[in-house]
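First comes the structure, then the notes that go with it.
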Amino acid sequence: MDMITRDRQYVANTYARFPIALAKGQGARCWDADGREYIDLTSGIGVNSLGFCDPEWIKAVGAQLATLQHTSNLYYTQPGIELARTLCQRSGMKKAFFCNSGAEANEGAIKAARKWGHSRRGPNCHNIITLKGSFHGRTLAALAATGQDHFHKDFDPFPDGFSYAEPNSAAALESLADENTCAIMVEFVQGEGGVRALDRSFARAIAKLCEEKDILLIDDEVQTGIGRTGTLFAYEQYGVTPDIVTCAKGLGGGLPIGAILFGDKTETVLKPGDHASTFGANPAICAGALVVLDRINEDGLRQVNESAKTIRSGLSDIIRRLTGITPSVGGLGLMIGVSVPYVSAREAVNAGIKQGVLTLTASDRLRLLPPLTITPEETAEALRRMEKAGRSFV
Ligand SMILES: *Cc1c(COP(=O)(O)O)cnc(C)c1O
């Protein structure tokens with residue numbers, strides 16, 4: 001309680017926090033300051049890919065911290081080079097740029113797309129189409145790219161050059177695209193917008209339009225990337241090849257890192273002096289990210305898909321047993337969103353907290369982003385606790 005009072009006094013009040021002060025964690029379990037235990041189905045909003053305090057990850061980060069914690073980007077360091085190589089080899093992309101967050105990765109992607117557009121079709125070729133319901137971050141250009149009005153209120157003026165298309169309508173998208181469009185930017189599964197996966201046919205229509213009109217496809221994989229959806233990147237399941245991929249959340253396993261991956265058309269767009277980050281490619285964080293990628297291998301992805309199946313059908317069964325309503329469980333892999341009948345998503349989260357299970361909301365839906373390494377035992381216990389939480393309403 002003391003922690004919460006202090007927070008209220010000294011920390012800027014920008015988060016609608018839940019009244020729990022977390023103190024430690026292990027795997028998918030964590031404990032509050034009073035020693036109460038919770039199963040974590042949030043991963044810190046998709047960040048702790050390997051759960052809390054994974055021993056191998058700690059060892060790699062710690063060893064790098066004890067060797068060389070940071071240099072500027074004026075020198076070469078091994079972990080960032082290895083991480084770029086691993087990301088490129090596993091995605092087929094050509095180059096990586098490292099920054100510190102999702103919004104920053106998207107800012108860099110927007111800059112690269114504009115520079116590409118200018119060189120391609122002149123100074124007016126700078127427009128970017130995004131989707132309604134999207135979320136691309138809180139900095140001004142990333143916010144301008146975000147297709148949800150309520151995030152924009154009170155913060156104008158924004159950088160211009162953004163327009164918003166209705167998701168899953170190829171015609172709507174086509175009507176917005178012209179010779180001054182340099183990029184279309186999408187999340188294949190909209191995260192903050194309510195965990196809504198785009199239709200496969202729409203994803204193909206986007207790729208086709210980009211091809212026909214010589215427009216870049218920017219794929220925001222900040223939430224969907226690094227195994228979250230059951231493949232390393234969500235685009236693999238949509239059968240399209242983006243020109244720029246951004247990632248962040250799950251990449252560092254709990255430490256801040258963002259990455260922009262550039263494909264064939266974009267790998268040489270940004271030149272020395274065009275873009276930079278003081279903290280980018282921090283060696284200790286990159287050493288940890290290498291462990292994350294190593295573990296999200298074929299076996300790791302199989303585990304993601306198995307856990308996803310269990311949680312999705314378990315969640316659906318619970319809601320059906322308690323309400324008679326068969327819910328549609330949205331999203332992809334371990335990025336799970338569901339509309340809970342009769343109660344708000346926030347009420348559902350609060351009921352979960354009382355039963356010792358941490359969940360999230362996304363727009364009007366309940367959202368689950370469990371650690372990718374959640375065990376069958378932790379999954380079963382989380383489902384039991386969610387059922388108890390659900391029972392508290394009926
Ligand atoms: C979270 C998120 C961002 C913003 O990431 P930050 O690290 O908070 O800046 C951008 N895009 C998507 C799809 C996200 O889910």
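For ligands, and for the atoms within them, numbers begin at 1 and follow the listed sequence.
Between Ala103 and ligand 1, an N or O atom pair is found at a separation short of 3.5 Å. Considering both main-chain and side-chain atoms, Gly102 comes within under 3.5 Å of ligand 1 through a nitrogen or oxygen pair. Considering backbone and side-chain atoms alike, Phe135 places an N or O below 3.5 Å from some N or O of ligand 1.
Considering Arg367, His136, Gln148 in turn, Arg367 is the only one that fulfils the side-chain hydrogen bond (donor to acceptor under 3.5 Å, both in side chains) rule with Glu192.
One finds a salt bridge joining Glu381 and Arg385 here, because a Lys/Arg side-chain nitrogen approaches an Asp/Glu carboxylate oxygen to under 4.0 Å. For Glu179 and Arg121, the salt-bridge test fails: no basic side-chain N is under 4.0 Å from an acidic carboxylate O. Ionic pairing of Arg196 and Asp364 is present here: one or more N-O contacts between side-chain nitrogen and carboxylate oxygen are shorter than 4.0 angstrom. Ion pairing between Glu236 and Arg90 fails under the 4.0 Å rule for side-chain N and carboxylate O. Salt-bridge check for Arg85 with Glu82: passed, with a basic side-chain N closer than 4.0 Å to an acidic carboxylate O.
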> Please walk me through it: do Arg391 and Leu322 pass side-chain contact (heavy atoms from CB on, under 4.5 Å)?
Replying inline: CA-CA 7 Å; Arg391 275 220 192 91; Leu322 295 178; 3.8 Å; yes

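Of all the heavy atoms of Thr139, none lies under 4.0 Å from any atom of ligand 1, so neither backbone nor side chain is involved. In His136, the part holding a heavy atom less than 4.0 Å from any atom of ligand 1 is the backbone.
Listed by atom number, the atoms of ligand 1 under 4.0 Å from Glu187 heavy atoms are 13 (C). Applying the 4.0 Å criterion to heavy atoms of Ser101 picks out, from ligand 1, the atoms 7 (O), 9 (O). Which parts of ligand 1 touch Asn106 is read off a 4.0 Å heavy-atom cut-off, strictly below it: atoms 10 (C), 11 (N).
Between Phe135 and Phe151, a ring centre-to-centre spacing shorter than 6.0 Å is recorded.
Counting only non-hydrogen atoms, the option in Lys249, Gln223, Arg138 that gets closest to atom 1 (C) of ligand 1 is Lys249.
At the shortest separation from atom 11 (N) of ligand 1 among protein heavy atoms lies Asp220 OD2, 2.8 Å.
Atom 7 (O) of ligand 1 is approached by the protein to below 4.0 angstrom, counting heavy atoms only.
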